[in-house]
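Working notes, structure below.
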Amino acid sequence: MTSPDPQASSPARSGGRRWVYFLPLAVLAGLTGLFLFGLGNDPRLLPSQLINRPLPEFALEAPPGRDRPLTSEVLKGDVSLVNIFGSWCVACLQEHPVLRQIAAEGVVRIHGIDWREKNPADGMAWLRRHGDPYDAVGQDPDSKLAIDLGVTGAPETFVVDAQGVVRYKHVGPITQQDWTEKLKPLIADLRKAAQ
């Protein structure tokens, strides 16, 4: 028969392990702090390395049913919106009525980049179903341009000035409020500055 270890039950030894009981509380407090910090930051305000830099040179093939490719040259000459979308993108469907309304206003040309379609015809079928606000559409199934643009998800929209320079990046669906309070005034300012 063995005798009990006198050090195992000593007050000094058990006091040294008390911090273990507070470890889950400390981890929970840290996670709560990170969560609250994340709530205070708008994920749509991600910085873009492209702001005030020329859009990369590109040439995207037109999808089936369109005869004009989308190239960086098409964008030059006037302010335009370049919108990343896909038929698979749920948030794009939420944004789409606003894009159609913008196109109907005739304030700015909207160009679409049909991103990561598995079937090249899916994007145009989606536009036939929901309406087509785009002046030109290019396909980017392998994300070649999306990587250059730093696209993190769809929808995303770039405001590009008449010289092909990116002036603003909008992450997520454009709302009516985004259009009237941010994008439309910015487009007017860019046109005024170009005169």
Side-chain angles (χ1 to χ4, degrees), residues 43-44 46 48-51 53-176 178-179 182-184 186-187 190-191:
R44 296 182 305 169
L46 292 174
S48 172
Q49 301 296 324
L50 284 179
I51 300 298
R53 296 176 61 184
L55 206 64
E57 296 289 322
F58 67 89
L60 298 178
E61 285 186 29
R66 291 271 193 156
D67 55 1
R68 190 162 62 117
L70 178 60
T71 68
S72 44
E73 287 304 310
V74 168
L75 302 179
K76 294 179 181 170
D78 196 5
V79 181
S80 60
L81 299 181
V82 177
N83 177 255
I84 314 295
F85 78 100
S87 65
W88 47 268
C89 164
V90 175
C92 296
L93 190 56
Q94 175 190 345
E95 175 187 63
H96 209 63
V98 178
L99 292 182
R100 284 189 292 127
Q101 180 231 312
I102 294 170
E105 286 183 31
V107 173
V108 65
R109 291 183 304 160
I110 309 172
H111 303 293
I113 296 176
D114 189 10
W115 184 41
R116 296 178 66 184
E117 296 288 2
K118 290 181 180 173
N119 181 337
D122 287 350
M124 288 307 297
W126 189 83
L127 290 176
R128 281 193 295 276
R129 263 196 318 277
H130 303 293
D132 187 350
Y134 300 115
D135 188 70
V137 178
Q139 293 183 300
D140 190 19
D142 302 320
S143 302
K144 289 178 181 170
L145 179 60
I147 290 170
D148 289 343
L149 296 177
V151 171
T152 56
E156 284 188 14
T157 303
F158 296 87
V159 178
V160 182
D161 73 11
Q163 288 74 45
V165 175
V166 176
R167 296 301 183 185
Y168 182 76
K169 176 183 177 182
H170 184 89
V171 176
I174 296 172
T175 64
Q176 182 64 42
D178 293 327
W179 169 240
K182 291 182 196 170
L183 300 179
K184 197 171 181 180
L186 174 61
I187 290 165
L190 290 172
R191 286 201 175 119

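Reckoned from all heavy atoms, side chains included, excluding hydrogens, waters and symmetry mates.
Within the structure, disulfide bond (SG atoms under 2.5 Å apart) contacts touching residues 76-128 (residues at least two apart or in different chains) are C89-C92. The stretch residues 110-167 participates, sequence neighbours left out, in no disulfide bond (SG atoms under 2.5 Å apart) pair at all.
Counting heavy atoms from C-beta outward, L75 and S80 have side chains that approach closer than 4.5 Å. Looking at R116 and S143, their side chains come closer than 4.5 Å, going by heavy atoms from C-beta outward. Within the 4.5 Å cutoff, the side chain of I84 has heavy atoms near those of the L149 side chain. Residues P63 and P120 fail the side-chain proximity criterion, which asks for heavy atoms closer than 4.5 Å.
Counting heavy atoms of neighbouring residues, nucleotides and ligands inside a 6.0 Å radius, atom CZ of R129 exceeds 12 of them.
Among all heavy-atom pairs drawn from F85 and A154, the shortest one is CA-CB, 4.4 Å. Annotation for V79 and V108: closest pair O-CG2, 3.4 Å, computed over non-hydrogen atoms. Nearest heavy-atom pair, L60 versus G138, reported as atom, atom and distance to 0.1 Å: CB-CA, 3.7 Å. For the residue pair V74 and R109, the shortest heavy atom distance occurs at O-NH2, 3.3 Å. The shortest heavy-atom contact between Q139 and A62 is OE1-O, 3.7 Å.
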**Request:** Could you go through the side chain to side chain contact (heavy atoms under 4.5 Å, CB included) check for T175 and V98 one step at a time?
**Result:** CA-CA 6 Å; T175 64; V98 178; 5.6 Å; no

**Request:** Give the intermediate values and the outcome of side chain to side chain contact (heavy atoms under 4.5 Å, CB included) for residues L81 and I187.
**Result:** CA-CA 9 Å; L81 299 181; I187 290 165; 4.2 Å; yes

**Asked** What's the verdict on side chain to side chain contact (heavy atoms under 4.5 Å, CB included) for V107 and R191, showing C-alpha distance, side-chain angles and the deciding distance?
**Response** CA-CA 11 Å; V107 173; R191 286 201 175 119; 4.2 Å; yes

**Message:** Does K76 form a salt bridge (Lys or Arg N to Asp or Glu O under 4.0 Å) with E57? I'd like the steps, not just the answer.
**Reply:** CA-CA 11 Å; K76 294 179 181 170; E57 296 289 322; 3.7 Å; yes

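A donor-acceptor pair under 3.5 Å links the side-chain atoms of R68 to the main chain of D135, judged by distance alone. Without hydrogens or angle criteria, D148 side chain to L145 main chain gives no donor-acceptor distance under 3.5 Å. At distances below 3.5 Å, at least one donor-acceptor pair connects side-chain atoms of E117 with backbone N or O atoms of S87. A distance-only check finds a donor-acceptor pair linking the side chain of D140 to the backbone of K144 [under 3.5 Å].
Just one of E156, H111, E95, H170 meets the side chain to side chain donor-acceptor pair (under 3.5 Å) condition when paired with N83; it is E95. Looking at R100, H96, R66 one by one, the single match for side chain to side chain donor-acceptor pair (under 3.5 Å) with D132 turns out to be R66.
Distance check, rounded to the nearest 0.5 Å: CG of L70 to OH of Y134 gives 11.0 Å. In this structure, CD1 on I102 lies 7.5 Å from CD on Q176, to the nearest 0.5 angstrom.
Residues satisfying the ring-ring contact (aromatic ring centres under 6.0 Å, His included) criterion with W179, sequence neighbours excluded, are absent altogether.
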